[in-house]
There are 2 protein chains.
Amino acid sequence: MTAGKREVIVRAATELFLRQGYQATSTEQIAAAAAVSKQTVYSRFGDKESLFREIVLGVAATAEAFAADLTASLADVSEARDVAPVLRALARRYLAAVMDPQVLALRRLVIGEAARFPEVAAAYYERSPAMVLAALADGFARLAGLGLLTVDDPRRAADDFAFLVLGRSLDHGMFHLPATTPSDAQIGATADHAVDVFLGCAARM
Amino acid sequence: MTAGKREVIVRAATELFLRQGYQATSTEQIAAAAAVSKQTVYSRFGDKESLFREIVLGVAATAEAFAADLTASLADVSEARDVAPVLRALARRYLAAVMDPQVLALRRLVIGEAARFPEVAAAYYERSPAMVLAALADGFARLAGLGLLTVDDPRRAADDFAFLVLGRSLDHGMFHLPATTPSDAQIGATADHAVDVFLGCAARM
DNA sequence: GTCTATAGCAGGATAGAC
DNA sequence: GTCTATCCTGCTATAGAC
């Protein structure tokens with residue numbers, strides 16, 4: 001079961017990094033949490049930095065799946081269908097996904113270490129927030145092509161939509177750790193309001 | 001010149017913390033940069049954590065001044081005046097202020113250390129982003145009272161405005177250190193677009 | 001009050017037995 | 001491949017001279 005150990009170490013290190021940060025987590029803690037020796041950690045990953053890089057980029061892959069998911073849900077919209085309910089549902093999922101405590105913790109971790117690991121921060125940004133924004137832009141462009149939405153600049157529309165939905169909650173969530181997780185009702189209210197504002201203007205800008 | 005040393009230490013520590021982060025900055029580096037001995041640092045501030053707290057909250061005070069500034073500029077608007085140009089100017093200043101490299105670095109620092117210093121993160125949030133949002137909400141409520149703006153919920157309007165203006169730039173700025181400072185032209189374009197969207201909907205929501 | 005020197009300890013990384 | 005034991009560096013914080 002030598003392949004399994006790698007997995008165990010990654011899992012333990014991920015949890016510790018997310019909870020304590022990079023520097024505050026020692027390789028000794030990681031080894032202990034994974035129930036292996038330090039040497040095993042080093043023989044698999046070389047050093048602490050490499051382990052960190054692998055973990056962050058591995059977790060970021062989840063976001064790519066989410067972006068694909070969003071793309072699919074916008075691609076499902078066929079002609080002559082009202083987009084409002086689709087956008088409302090999408091906004092709910094989007095906000096809930098980003099406000100997930102693990103996702104917020106990962107953002108904090110990457111942002112906090114951005115000075116030490118600029119390539120990691122850049123790669124994370126490209127694979128996660130930027131990918132979702134691009135998926136939204138594509139979806140909006142498609143809807144515009146179907147005549148369901150009047151959008152001048154799809155990319156800008158995607159930005160507007162995203163930050164109307166996420167803005168305040170995400171900003172708040174970055175600073176307040178202890179379970180700022182919004183309730184379903186809050187998510188619904190925020191998402192609906194964002195879609196109202198978005199649709200009220202998307203037809204004009 | 002014993003009062004001056006405190007100032008010198010704070011200045012040196014601020015610069016190092018912003019550039020390298022809390023953990024990566026040693027008290028030895030701080031002492032060296034301030035051209036004093038470690039002992040002097042410890043005798044003034046007790047320990048590294050206290051120094052950190054004092055610095056973050058001190059710098060955050062700048063934001064309070066900025067919030068007051070925004071309040072004033074919205075309070076200047078008298079009846080029968082067009083609010084659009086006022087909002088455009090305000091949006092420009094707001095975006096430029098938040099995208100200042102020092103401000104971004106402080107945000108990164110506080111967010112990255114939020115797990116270790118939750119009270120610092122909470123205090124920073126209250127004094128900086130939240131204070132500006134509250135000032136905007138007050139201003140919008142006042143404009144609504146004058147009949148210059150139709151706003152249902154001033155607080156929500158403030159959130160919408162703020163993140164239409166800042167959203168994408170701020171998110172991007174959190175992850176990309178090297179001079180993501182937007183040009184004046186970019187700031188202007190983003191600010192104008194945000195105000196267009198905002199005014200296009202503020203009259204209906 | 002300020003410096004030099006140092007205690008005391010923890011962290012990353014490696015050596016060597018099995 | 002895995003463990004135990006260890007090296008060495010660098011950190012926070014303090015003691016003691018001036």
Side-chain angles (χ1 to χ4, degrees), chain A residues 1-58 108-110 112-120, chain B residues 1-58 108-110 112-120:
Chain A
M1 184 88 33
T2 191
K5 284 206 178 169
R6 205 186 161 86
E7 183 67 15
V8 171
I9 294 169
V10 166
R11 222 186 295 274
T14 303
E15 207 235 309
L16 288 167
F17 281 147
L18 288 182
R19 217 176 52 215
Q20 308 179 334
Y22 174 75
Q23 304 239 37
T25 301
S26 68
T27 54
E28 209 153 342
Q29 279 181 304
I30 293 171
V36 298
S37 78
K38 265 199 288 185
Q39 187 57 251
T40 303
V41 175
Y42 277 95
S43 75
R44 301 291 168 126
F45 296 95
D47 60 9
K48 194 183 171 185
E49 297 198 0
S50 306
L51 176 55
F52 180 75
R53 278 180 240 272
E54 178 161 336
I55 282 179
V56 171
L57 299 183
R108 278 188 218 108
L109 179 64
V110 173
E113 295 302 327
R116 186 188 310 270
F117 299 99
E119 0 77 55
V120 172
Chain B
M1 184 93 29
T2 189
K5 282 204 178 169
R6 205 186 162 86
E7 183 66 16
V8 171
I9 294 169
V10 166
R11 222 186 294 274
T14 302
E15 208 237 309
L16 288 167
F17 281 147
L18 288 182
R19 214 175 55 215
Q20 307 179 334
Y22 175 74
Q23 305 239 37
T25 301
S26 69
T27 55
E28 208 154 340
Q29 280 181 305
I30 294 170
V36 299
S37 78
K38 266 197 288 185
Q39 186 57 253
T40 303
V41 175
Y42 278 95
S43 75
R44 302 290 167 126
F45 296 95
D47 60 9
K48 194 183 171 184
E49 296 197 1
S50 305
L51 176 56
F52 180 74
R53 278 180 239 273
E54 178 160 336
I55 282 178
V56 171
L57 299 184
R108 279 188 217 107
L109 179 64
V110 173
E113 295 301 327
R116 185 188 310 271
F117 299 99
E119 0 77 54
V120 172

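Chain naming here is simple, since letters A, B, ... match the order of the sequence lines and numbering starts at 1 in each.
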Is A:Glu49 salt-bridged to A:Arg53, going by a charged N under 4.0 Å from an acidic O? yes

From CG of A:Asp47 over to P of C:dG12, roughly how many Å is that when rounded to an integer? 11 Å

Between OG1 on residue B:Thr25 and CZ on residue B:Arg19, distance to nearest 0.5 Å: 8.0 Å

Are OP1 or OP2 of D:dT2 and a side-chain N or O of A:Ser37 less than 4.0 angstrom apart? no

Just compare D:dG16, D:dG1, D:dC11 and give me whichever is closest to any side-chain atom of A:Arg44. D:dG1

Taking CZ from B:Phe45 and P from D:dT12, how many angstroms apart are they, rounded to a whole number? 15 Å

In terms of side-chain heavy atoms of B:Gln39, which of D:dC11, D:dT14, D:dT4 is nearest? D:dT14

Length of the line joining A:Tyr42:OH and C:dA13:P, which is rounded to integer Å: 4 Å

In whole Å, what is the span from the CZ atom of B:Phe52 to the C1' atom of D:dT12? 17 Å

Please classify the nucleic acid contact of B:Thr40 as base, sugar-phosphate, or nothing, using heavy-atom distances under 4.0 Å. sugar-phosphate

Choose from D:dC3, C:dG11, D:dT12 the nucleotide whose nearest atom is closest to any side-chain atom of A:Glu28. C:dG11

Between P on C:dA5 and NZ on B:Lys38, what's the gap in Å once rounded to a whole number? 12 Å

In whole angstroms, how far is the P atom of D:dT12 from the CG atom of B:Leu16? 12 Å

Given the ring of B:Phe17, does B:Lys48 sit roughly above its face, with NZ or CZ under 6.0 Å from the centre of the six-membered ring and within 45° of the axis? no

Measure NZ/B:Lys48 against C1'/D:dC11 and give the value in whole Å, please. 8 Å

So, are B:Glu54 and B:Arg44 salt-bridged, with charged N and O less than 4.0 Å apart? no

Expressed in angstrom and rounded to an integer, what is the separation of B:Gln29 atom CD from D:dG10 atom P? 11 Å

